[in-house]
Amino acid sequence: MQTIYEVQQEILRLKKEHDVCILAHSYQSPDILEIADITGDSFLLSKMAAEQNTHRLLMCGVRFMAETAKLLSPQKHIYEANPTAGCPMAEQFSPEEILAEKAKHPDCAVVAYVNTSAALKAISDVCVTSSSAVEIVKKLPQHDILFIPDCNLGAYVQANCPEKQFHLLKGGCPHHSSITVEEAQAAKLAHPDALLLVHPECKKEISAMADYVGATSGILQYAKQSAAKEFIIGTEISITAQLALACPEKRFYPIANRLMCPDMRATTVSDIARVLREIGNGSAQELLLPDALMTSARHCLDEMLRLGG
Ligand code: 13P
Ligand code: SF4
């Protein structure tokens, strides 16, 4: 049986041999982040997927991230490191349900969190990520915003764009939205000198208690640059571990130990090595989307990159 180090060495050799660019979301495990070519939050991965010159991309994250890469780069071959990994939020609503909501507010812009299926993107006006949502919504000409599917991120954007009228639905991340006020209070009580940093997918009561609310990239940057020495981290537990490695002189505490996304954790270095071997022998399953869906879903991602800067 190969050690993790040996699997990593095989990955480094195979990705070079087959000209594959490996993209990994920041929630992936450290052994994956070490061998990836590009690591970052959803917005950075989308942007970089569109800008890469290599014609094969291997996505380590969840399905909507691989779909986003395919929509932005239809000519490239996109592979999922683990095709079973999906974001449960991405399919919380059907396109029919959203179109019925849109019919109630005909002048609204449908703003889709990037954590949505390609079918939902196809009926949306613009996509946003948690790090680009406020900036993009502010730039939209429409006054009415139907924000799908995450009502917690939607409420955060609404608080930062008071000039717009928001219509929110009852969707959200099952993990971030499960954090309770009691858990946040207990963490603050246990670590009274720590700053509380949370992701905007958390409920607004939790964001209201925080010293900083921001996307994955924002939380990482804030904690690294802050003069403070202790932090309670209100997002996926991998970020707490990553910060502890990056800043050994600081202390990081998870807001709740159970804050783990099984889908984001589904991928292993062995999955990556297997897909690379399959690319080599021609048996890899490439991610394909129907042409009509590609055409209709692409527009809102192009708008995201245009308005997101
Ligand atoms: P980011 O946009 O911060 O990368 O978040 C993606 C995600 O799935 C958070 O749960
Ligand atoms: Fe989806 Fe939540 Fe997992 Fe992010 S953490 S991929 S939003 S389920």
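Side chains are part of it too, since the values below use all heavy atoms of this structure and drop only hydrogens, waters and symmetry mates. Every value quoted in this text rests on a predicted model; they were computed, and no experiment measured them. Remember, it's 1-based here, ligands and their atoms both numbered in the order they're listed.
Grouped with Leu189 in a hydrophobic cluster is no other residue, since no side-chain heavy-atom contact under 4.5 Å to another Ile, Leu, Val, Met, Phe, Trp or Tyr is found.
With respect to atom 4 (O) of ligand 1, the closest heavy atom belonging to the protein is His25 NE2, 2.6 Å. Looking only at protein heavy atoms, the nearest one to atom 3 (O) of ligand 1 is Thr216 OG1, 2.6 Å. The protein non-hydrogen atom at the shortest distance from atom 6 (C) of ligand 1 is Ser42 OG, 3.3 Å. Residue, atom and distance of the protein heavy atom nearest to atom 8 (O) of ligand 1 are Asn115 ND2, 3.2 Å.
Scanning His199, Met65, Glu201 for the heavy atom closest to atom 10 (O) of ligand 1 points to Glu201. In this structure, of Ser130, Ala215, Gly61, the residue bringing a heavy atom nearest to atom 1 (P) of ligand 1 is Ser130.
Counting only N and O atoms by type, the side chains of His176 and Asn152 include no donor and acceptor under 3.5 Å apart.
By the 30° and 60° cut-offs, the orientation of the rings of His55 relative to His77 is perpendicular. Ring-plane geometry between Tyr253 and His191 is classed as parallel, the angle between the planes falling under 30 degrees on a 0 to 90 degree scale with a further cut at 60.
Residues Arg63 and Asp263 are not paired through a salt bridge, judged by the lack of any N-O separation under 4.0 Å between the basic side chain and the carboxylate. Look at Lys121 and Glu67 and you find no salt bridge, because none of the NZ, NE, NH1 or NH2 atoms lies under 4.0 Å from a carboxylate O.
By the criterion of a heavy-atom distance under 4.0 Å, the side chain of Tyr27, and not its backbone, is placed next to ligand 1. With a 4.0 Å cut-off on non-hydrogen atoms, Glu236 does not touch ligand 2 at all. Counting heavy atoms under 4.0 Å from ligand 1, residue His175 does not touch it at all.
No continuous path of hydrophobic side-chain contacts links Ile237 to Ile179 [ILVMFWY only; heavy atoms under 4.5 Å].
The two residues Ile78 and Ala66 come nearest to each other via the heavy atoms CG2-O, 3.7 Å. Between Pro149 and Tyr113, the shortest heavy-atom distance links the atoms CD-CB, 3.8 Å.
The closest approach between any non-hydrogen atom of His176 and ligand 1 is below 4.0 Å. Not a single heavy atom of Glu236 sits under 4.0 Å from any atom of ligand 1.
Within the listing of ligand 2, atoms 2 (Fe), 7 (S) sit less than 4.0 angstrom from a heavy atom of Glu201.
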**Report entry** Steps toward side chain to side chain contact (heavy atoms under 4.5 Å, CB included) verdict (Leu195, Glu230)
**Finding:** CA-CA 6 Å; Leu195 297 182; Glu230 291 185 66; over 6 Å; no

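Evaluated for a side-chain contact (heavy atoms from CB on, under 4.5 Å) with Tyr79, the options Leu287, Leu276, Val275 yield exactly one hit, Val275.
Of all protein N/O/S atoms, those lying under 2.8 Å from atom 1 (Fe) of ligand 2 come to 1.
In this structure, Cys60 and Leu23 have side chains that are not in contact, with every pair of non-hydrogen atoms separated by 4.5 Å or more.
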